[in-house]
Amino acid sequence: MLWVLFKESLFFAWQSLNSNKLRSFLSLLGITIGIFAIILVFTIVDGLESNIRGSIQSLGNNVVYIQKWPWDFGPDYPWWKYINRPVPKYYELDELQKRCKSTEAIAYRMGKRRTLKYKSNSIQNAVVAGISHDFYKIKNFDLTSGRYFTQNETDAGYHLALIGASIADGLFPNEDPIGKEIKISGHKAVVIGVIKKEGESLLGISFDYQVITPFNFARYFLDPNSENADPIIYAKARPNVSNAEMMGELTGIMRAIRKLKPLGEPNFALNETSLISKGFDGLFDIIGTAGWIIGGFSILVGGFGIANIMFVSVRERTNLIGIQKSLGAKNFFILVQFLGESVMLSTIGGFFGLLITYIITALGKDVIDMDISLTSTNIILGFTISILIGIISGFIPAYSASQLDPVEAIRSN
Amino acid sequence: MRPKIITFICVIGYLSVVFTFPQVFSPQIKKLGVFVPAIYGILVAANFIACVGLWYFKQWGVQLYVISIFAKLLFYILSNQMGFGFYFNIILSFIFILILLRFYPKMNQNL
């Protein structure tokens with residue numbers, strides 16, 4: 001019985017929409033624009049968020065960065081407190097490795113932009129990093145060809161290099177880079193491996209444009225005491241050891257290495273990736289809220305448009321409602337009939353809104369080279385909003401139609 | 001004839017729907033889960049339909065109003081959103097329910 005009622009009301013609704021094509025189109029346009037605006041913003045925000053969170057994830061959740069500057073995204077960054085701090089030193093890495101029990105691996109890295117050359121090919125502003133041997137235990141990267149440095153090679157500072165995929169493409173467009181000699185700021189280095197392509201990252205954290213060399217070789221063209229080389233000591237916690245526990249131990253050891261007074265301010269910063277996540281949380285909330293407000297108003301306007309058109313529709317079909325009621329149609333039938341029309345109208349509008357969003361994100365994905373796609377969550381949300389706006393904006397006209405007196409309704413012009 | 005106090009409750013109800021409907025697709029609600037916006041949306045729609053029922057002075061309006069209020073409170077408790085608004089909502093809703101129950105016997109029983 002309910003199915004028959006639903007089918008019939010949908011049939012009536014479809015007939016009504018079909019007989020007033022322009023009016024139906026104009027009224028569903030409001031919903032289309034509203035759904036398009038809000039779902040597009042959510043899709044872009046989700047895409048950006050997943051890209052940035054992926055980049056943060058690649059930094060390691062259980063890795064702590066020992067640096068000069070703390071990661072703080074607040075408006076009042078007290079830079080004057082930190083400016084005279086020393087940068088992390090390579091000898092501090094040795095001390096930390098000897099003393100720290102809670103870490104699985106500790107590594108050092110410094111890096112700066114340098115010019116690379118191979119025969120007539122050159123790349124300017126490539127990031128060249130000097131690392132300690134355990135760097136591979138901290139940072140996850142795969143090699144498409146070649147191998148990583150041996151312990152002896154890193155300790156002795158062999159003139160070797162691992163190059164990123166984009167560097168390999170740029171310097172060696174038609175040949176295998178392994179075994180070839182490149183020049184880094186005039187210093188020769190043999191390529192022993194190529195890092196697998198990682199793709200674009202919004203945080204700019206990608207090995208694609210990097211060259212990795214042993215620290216003792218990198219010292220020829222990078223100054224480890226200079227802040228420009230951005231020296232960092234990475235510490236990765238052992239399994240079952242929390243970051244807080246590891247940071248406690250690292251703080252104690254670093255204070256001892258730097259001979260700080262027990263109550264003195266530390267002259268180093270222990271940074272966690274969770275700090276970056278927190279920094280971005282606020283940004284995503286602002287973008288999401290802005291999209292929500294813009295889309296929300298569009299949808300409200302669309303909803304009023306549908307309500308308006310439904311009142312017109314009821315007015316136009318008052319005679320028909322009277323005839324239907326006099327032939328035995330129940331109030332509920334009339335209610336469902338008009339409500340069905342309203343829901344159908346807004347759902348079609350929502351469908352087109354989602355379709356436009358899908359097309360734009362599919363086109364945009366190729367342009368900006370980032371994974372932005374319409375997720376199932378946003379599709380469900382789009383249809384949910386459409387159906388709800390259809391119910392809310394169509395209920396009053398539908399209910400007023402169902403309450404009409406059959407005799408009065410037939411008499412009306 | 002609808003009493004003025006019922007009209008007042010309906011106007012408050014309609015306004016609250018206008019302000020709470022955008023929350024259905026707010027980032028805060030979206031974060032709670034895939035189907036949470038849909039559930040919250042159903043509650044908002046039920047609240048609106050209940051207000052229409054009250055406007056027409058129908059008993060089903062009161063019934064739906066009470067159900068939607070309790071369901072909404074349950075939703076806020078389960079989703080751990082119990083700020084100042086939550087307690088204010090409880091007090092206001094219970095006052096409204098008491099007023100509605102007073103007029104309930106006089107209301108129309110039909111759809």
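Residue numbering restarts at 1 for every chain, and letters A, B, ... go by the order of the sequence lines.
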Quick check for you: among A/L335, A/L300, A/I389, which has the greatest number of heavy-atom pairs under 4.5 Å with chain B?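 The option with the most such pairs is A/I389.
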Contact winner vs chain B - A/T375, A/N378, A/N331, A/I391, heavy-atom pairs under 4.5 Å: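 Ranked by contacts with chain B, first place is A/N378.
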Give, as side chain, backbone, both or neither, the part of A/S400 having an atom under 4.5 angstrom from any heavy atom of chain B.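 It is both, since atoms from each part get that close.
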Below 4.5 Å from any heavy atom of chain B, which atoms of A/I299 appear? Answer side chain, backbone, both or neither.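 Side chain only.
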Can you check whether [Y]'s main-chain N or O pairs, donor with acceptor, with [X]'s side chain at less than 3.5 Å?
{"X": "B/R2", "Y": "B/F57", "value": "no"}
{"X": "B/T7", "Y": "B/P3", "value": "yes"}
{"X": "B/K31", "Y": "B/S26", "value": "no"}
{"X": "A/S313", "Y": "A/M310", "value": "no"}
{"X": "B/K72", "Y": "B/L43", "value": "no"}

If you check every heavy atom in residues 31-40 of chain A against those of chain B, which residues fall under 4.5 Å?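 Within residues 31-40 of chain A, the residues that come under 4.5 Å of chain B (heavy atoms only) are A/I38.
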Knowing that exactly one of A/I387, A/L388, A/I306 qualifies, which makes a side-chain contact (heavy atoms from CB on, under 4.5 Å) with A/V343?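 That would be A/I387; it is the only one of A/I387, A/L388, A/I306 passing the side-chain contact (heavy atoms from CB on, under 4.5 Å) with A/V343.
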Return yes when atom OH of B/Y104 has more than 12 non-hydrogen atoms of other residues, nucleotides or ligands closer than 6.0 Å, and no otherwise.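 More than 12 within 6.0 Å, yes.
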Partner set under side chain to side chain contact (heavy atoms under 4.5 Å, CB included) for A/L26, not counting sequence neighbours: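 Side chain to side chain contact (heavy atoms under 4.5 Å, CB included) list for A/L26, sorted by chain: A/L22.
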